[in-house]
Amino acid sequence: MDDDESGRTLVEAMLARCGYEVSTCSNGIEALEILEQRDGPQLTILDWMMPEMDGIELCQKILESTTISCTYTIMLTSMNRKSAMAEAIEAGADDFLDKPFSLSELLARVRAILH
């Protein structure tokens with residue numbers, strides 16, 4: 001879930017090549033709709049800065065929801081403030097990666113979570 005199409009496409013292609021089923025979207029409202037589906041994703045990878053609803057607000061909604069079954073959230077962001085990781089974790093993110101990030105590191109985290 002990222003408003004940057006090139007970044008979203010890159011992550012989607014990498015995960016699809018590794019056999020993962022991937023749903024993507026470009027804003028927080030679309031993300032929330034995907035997460036609220038009955039068979040929603042087990043893992044959410046989302047950007048902090050998205051239109052409509054940012055990643056922090058989306059993390060909070062995931063935490064508050066009784067209908068979202070997503071079990072793990074990774075926040076990807078280019079926020080360069082030292083407090084960004086703490087803010088993301090406090091909002092409900094389970095993990096945090098700075099942009100630009102290593103595709104191999106992201107893939108290792110995804111594999112650890114989903115296997």
Side-chain angles (χ1 to χ4, degrees):
M1 299 163 184
D2 193 336
D3 61 327
D4 173 45
E5 185 176 357
S6 61
R8 189 175 64 241
T9 302
L10 179 68
V11 171
E12 177 184 20
M14 176 200 63
L15 293 174
R17 268 194 317 271
C18 292
Y20 295 104
E21 182 180 336
V22 181
S23 297
T24 64
C25 63
S26 62
N27 69 62
I29 297 293
E30 291 175 12
L32 188 58
E33 290 171 1
I34 290 170
L35 291 168
E36 288 176 333
Q37 293 174 1
R38 192 172 64 126
D39 292 324
Q42 297 174 341
L43 168 68
T44 303
I45 301 171
L46 58 103
D47 186 21
W48 184 312
M49 296 177 284
M50 293 187 293
E52 313 274 337
M53 178 189 310
D54 68 23
I56 293 295
E57 186 178 353
L58 182 57
C59 281
Q60 292 167 338
K61 291 207 177 283
I62 292 169
L63 267 182
E64 296 166 0
S65 175
T66 58
T67 59
I68 295 175
S69 62
C70 176
T71 58
Y72 202 89
T73 302
I74 299 174
M75 177 78 72
L76 295 178
T77 185
S78 58
M79 298 289 276
N80 56 7
R81 296 190 330 253
K82 288 189 177 197
S83 63
M85 182 187 296
E87 284 181 59
I89 301 299
E90 287 174 6
D94 298 295
D95 203 348
F96 183 93
L97 282 172
D98 286 317
K99 288 181 181 179
F101 58 93
S102 160
L103 286 174
S104 61
E105 182 179 1
L106 177 60
L107 184 57
R109 291 176 188 218
V110 168
R111 285 180 174 151
I113 295 159
L114 295 178
H115 293 285

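For reference, positions follow the sequence shown, starting with 1.
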Where do Asp4 and Gly7 come nearest, in terms of heavy atoms and distance?
OD2-N, 3.0 Å

For the hydrophobic clusters of this structure (ILVMFWY residues joined by side-chain heavy atoms under 4.5 Å, transitively), does one cluster hold both Met49 and Leu58?
yes

Minimum side-chain heavy-atom gap Met75-Leu46 below 4.5 Å:
yes

Return yes when atom CD of Gln60 has more than 12 non-hydrogen atoms of other residues, nucleotides or ligands closer than 6.0 Å, and no otherwise.
yes

Rounded at 0.5 Å granularity, tell me how far CG in Asp54 sits from CH2 in Trp48.
8.0 Å

Is the shortest heavy-atom distance from the side chain of Asp98 to the side chain of Ser78 under 4.5 Å?
no

Under the side-chain contact (heavy atoms from CB on, under 4.5 Å) test, which residues partner Met85, sequence neighbours left out?
Ile89, Phe96

Please step through side chain to side chain contact (heavy atoms under 4.5 Å, CB included) for the pair Gln37 and Glu33, ending with a clear verdict.
CA-CA 7 Å; Gln37 293 174 1; Glu33 290 171 1; 5.8 Å; no

Salt bridge (charged side-chain N to carboxylate O under 4.0 Å, His left out) partners of Glu87, counting only residues at least two apart:
Arg81

Can you sort out the partners of Thr9 under side-chain contact (heavy atoms from CB on, under 4.5 Å), two or more places apart, ordered by chain and number?
Glu5

Start with the C-alpha gap between Asp2 and Ser26, add the side-chain angles, then the distance that decides, and say whether side chain to side chain contact (heavy atoms under 4.5 Å, CB included) holds.
CA-CA 5 Å; Asp2 193 336; Ser26 62; over 6 Å; no

Between OG of Ser23 and CE of Met1, what distance do you get to the nearest 0.5 Å?
7.5 Å

So, the side chain of Glu57 versus the backbone of Met53: is there a donor-acceptor pair under 3.5 Å, distance only?
no

Begin from the C-alpha positions of Leu35 and Ile62 and carry the test side chain to side chain contact (heavy atoms under 4.5 Å, CB included) through to its verdict.
CA-CA 8 Å; Leu35 291 168; Ile62 292 169; 3.5 Å; yes

So, Lys99 and Asp47, do they make that salt bridge, N to O below 4.0 Å?
yes

Would you compute the distance between atom OG1 of Thr24 and atom CZ of Arg8 and round it to the nearest 0.5 angstrom?
5.5 Å

Hydrophobic cluster partners of Leu15 (side-chain heavy atoms under 4.5 Å):
Leu10, Val11, Met14, Tyr20, Val22, Leu43, Ile45, Tyr72, Ile74, Leu76, Leu97, Phe101, Leu103, Leu106, Leu107, Val110, Ile113, Leu114

Considering only residues two or more places apart or on different chains, which pairs with a residue in residues 11-26 satisfy salt bridge (charged side-chain N to carboxylate O under 4.0 Å, His left out)?
none

Grab the two heavy atoms, one from Cys59 and one from Thr73, that are nearest each other, plus how far apart they are.
SG-CG2, 3.9 Å

Is there a donor-acceptor contact under 3.5 Å from the side chain of Asp3 to the main chain of Met50?
no

Working to the nearest 0.5 angstrom, can you tell me the gap between Glu52 CD and Ile29 CD1?
6.0 Å

By side-chain contact (heavy atoms from CB on, under 4.5 Å), which residues pair with Ser104, not counting sequence neighbours?
Ser102

Pair Arg111, Cys18 - check side chain to side chain contact (heavy atoms under 4.5 Å, CB included), show working.
CA-CA 10 Å; Arg111 285 180 174 151; Cys18 292; 3.7 Å; yes

Closest non-hydrogen contact found for Ile34 with Pro41 is O-CD, 4.0 Å

